[in-house]
Amino acid sequence: MGLCAGSGVKDAQPTEPVRVLSLGIGGCGKTTFVRHMKIIHDIPLDDVETDRFIQTIRRNYLIVMGELLILLGKLKLTLSDDNQKHAATVKELLRNRDSSIHDNLDILKSLWADPVIQEVIKNNREQLNSPHISYFWDNVDRIMSDGYKPLEEDILKVRIRTAGAYSSLIYVKPEYFEFFDVGGQKPERQKWQRVITSHKFSCIIYFVATDEWDVPDEERDFECSKLEMSKIIFKEVANDDSIDKSMPIIIFLNRSDLLDARIASDSGYDSFKKTFPEYNGARTMDDAIEFIRKRFMDGVKREAVKFYVTNALDRNSMTPVFNAVKTYILTSSLKMNDGIDY
């Protein structure tokens, strides 16, 4: 597991940092949260990490185009004749891990500019593993230029699948926090129990992508949406007898910006009402969030569950949220360790 400490910290590393376990299904934003904690607390990328981000960001132009072409087929939409030929080329490129993005950028640009692709992006963005792909195309010339170095926004918005478990040690005054990020796809979820039982955690933060109420489970593990799958898995975690009942569990109702945009759009709100016909709240993000919160607590026996509405991409919102979470974790940790009544 990789460890990194915040810059400018003079104190010696304590033997027992405050350990926080980040859980959630794939694409929920937990890895973005840990990245954001590093940025906020001035932990720079090393050369290996920088190169990894550059390669991943650039290759995502091809990966996401492949996702879009699959989605076109499901929606029974057709590209222009020229772009149908380009689509065939993209499928060939995806079979080769070493395909050059530079050499095929014109093909990718032509496909991206196709009105049918733009229609899919406008109406079905939530179905993509990289919902911020438009941002990267808006910045394609900068990103594909020689000497490119990723900006903070590039790092936060790129989707990188987490495989295994990684920890990041960050000094958040007055304590060191060790954030454990465990992959959320099905093969990685099988490792959660081992991680939970092999470390002493002060808190679990469970991340929920609140905008995925109608997004199918790509792993086909459940015959339901990703939001419903997340709810099922959270119930399993919250009711797990191997987790100390006094350990605080926090839910980050994440991607609130994407939820807000979908509720504001007619198609998004219609989908929400179709998915949840029992919903009788107002057409607002706040009411939708409260509805989701209540659904996640249905059947959960644990009382100590705290909720925060988050956008892991937004520094202005994440800083005060984590300050509140930090206070809650430290207070709860004193309760667990010393029996102090607060």
Side-chain angles (χ1 to χ4, degrees), residues 22 24-46 48-68 71 101 105 108-109 111-112 117-118 120-145 147-163 166 168 179 181 183-185 205 207-212 215 218 226 252-262 268 285 309-319 321-322:
S22 300
I25 69 171
C28 63
K30 56 186 169 46
T31 303
T32 302
F33 166 74
V34 175
R35 284 183 214 157
H36 214 152
M37 288 298 99
K38 291 180 179 180
I39 289 171
I40 289 171
H41 296 95
D42 300 319
I43 297 177
L45 296 176
D46 61 30
V48 173
E49 289 175 310
T50 298
D51 185 63
R52 180 186 178 218
F53 274 110
I54 291 172
Q55 298 302 319
T56 302
I57 288 168
R58 288 175 170 172
R59 185 161 177 81
N60 266 4
Y61 289 114
L62 177 60
I63 298 295
V64 179
M65 189 57 68
E67 292 180 15
L68 283 164
L71 194 52
I101 307 302
L105 190 57
L108 293 169
K109 283 183 174 181
L111 283 164
W112 178 253
I117 291 287
Q118 290 304 307
V120 172
I121 290 291
K122 179 181 177 181
N123 297 323
N124 303 91
R125 181 175 63 170
E126 69 281 350
Q127 304 288 337
L128 300 173
N129 283 320
S130 181
H132 301 288
I133 188 61
S134 295
Y135 164 83
F136 290 102
W137 275 107
D138 289 344
N139 291 275
V140 64
D141 292 337
R142 172 176 61 83
I143 290 169
M144 298 305 296
S145 65
Y148 163 65
K149 297 294 182 184
L151 302 179
E152 287 182 6
E153 194 168 3
D154 302 346
I155 292 167
L156 291 174
K157 287 186 172 179
V158 67
R159 169 84 189 277
I160 301 177
R161 175 175 172 168
T162 302
Y166 297 87
S168 300
F179 296 95
D181 178 14
Q185 284 75 21
I205 301 180
F207 290 75
V208 178
T210 55
D211 62 311
E212 294 189 326
V215 177
E218 68 265 19
K226 289 184 70 176
F252 276 8
L253 296 171
N254 197 36
R255 294 174 36 150
S256 58
D257 56 327
L258 301 179
L259 170 67
D260 193 22
R262 293 201 68 198
M285 184 192 76
V309 179
T310 58
N311 171 7
L313 296 174
D314 183 8
R315 185 177 192 140
N316 291 331
S317 68
M318 285 309 302
T319 300
V321 163
F322 188 72

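Considering CG of Leu151 and CG of Leu156, their distance stands at 10.5 Å, rounded to 0.5 Å. With rounding to the nearest 0.5 Å, the separation of CZ in Phe322 from CD1 in Ile40 is 9.0 Å. Between atom CG of residue Asn311 and atom OG of residue Ser256 there is a gap of 5.0 Å, rounded to the nearest 0.5 Å. Between Phe136 atom CZ and Glu153 atom CD the span is 8.0 Å, to the nearest 0.5 Å. To the nearest 0.5 Å, the span separating CG on Asn60 from CD1 on Ile143 amounts to 10.0 Å. Interatomic distance, CD1 of Ile117 versus CD1 of Ile121, reported as 7.0 Å (0.5 Å rounding).
The two residues Leu258 and Arg125 make their nearest non-hydrogen contact at CD2-NH2, 3.3 Å. Closest non-hydrogen pair, Arg159 versus Gly26, comes out as NH2-C, 3.8 Å. The two residues His36 and Asp314 come nearest to each other via the heavy atoms CE1-C, 3.6 Å. When all heavy atoms of Ala312 and Thr32 are compared, the closest pair comes out as O-CG2, 3.8 Å. Met144 and Ile101 make their closest contact through CE-CG2, 3.8 Å (heavy atoms, listed as atom of the first residue, atom of the second, distance).
For the side-chain contact (heavy atoms from CB on, under 4.5 Å) test, residues two or more places apart in sequence or in another chain that qualify with Asp51 are Gln55. Gln118 is linked by a side-chain contact (heavy atoms from CB on, under 4.5 Å) to Trp112, counting only residues two or more places apart in sequence or in another chain. Shown here are the salt bridge (Lys or Arg N to Asp or Glu O under 4.0 Å) partners of Arg255, two or more places apart in sequence or in another chain: Asp211, Glu212. Considering only residues two or more places apart in sequence or on other chains, Glu67 meets the side-chain contact (heavy atoms from CB on, under 4.5 Å) condition with Ile63, Leu128, Asn129. By the side chain to side chain donor-acceptor pair (under 3.5 Å) test, Thr310 pairs with Asn254, sequence neighbours left out. For Asp260, the side-chain contact (heavy atoms from CB on, under 4.5 Å) partners two or more places apart in sequence, or in a different chain, are Met285. Scanning for ring-ring contact (aromatic ring centres under 6.0 Å, His included) contacts around Tyr61 gives Trp137, with sequence neighbours left out. Every residue two or more places apart in sequence or in another chain that forms a salt bridge (Lys or Arg N to Asp or Glu O under 4.0 Å) with Arg315 is listed here: Glu152.
Residues Cys28 and Val208 fail the side-chain proximity criterion, which asks for heavy atoms closer than 4.5 Å. Here the side chains of Val140 and Leu108 are not in contact, with every heavy-atom distance at 4.5 Å or above.
Tested against Arg35, the residues Ile43, Val158, Asp181, Leu45 include a single side-chain contact (heavy atoms from CB on, under 4.5 Å) partner, Val158.
Judged as a salt bridge (Lys or Arg N to Asp or Glu O under 4.0 Å), the pairs with a partner in residues 126-145 (not counting sequence neighbours) are, in order, Lys109-Asp141, Glu126-Arg262, Arg142-Asp154.
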Step by step, would you call Lys30 with Ile205 a side chain to side chain contact (heavy atoms under 4.5 Å, CB included)? CA-CA 9 Å; Lys30 56 186 169 46; Ile205 301 180; over 6 Å; no

When you look at Met37 and Ser168, which way does the side chain to side chain contact (heavy atoms under 4.5 Å, CB included) test go after all the steps? CA-CA 9 Å; Met37 288 298 99; Ser168 300; over 6 Å; no

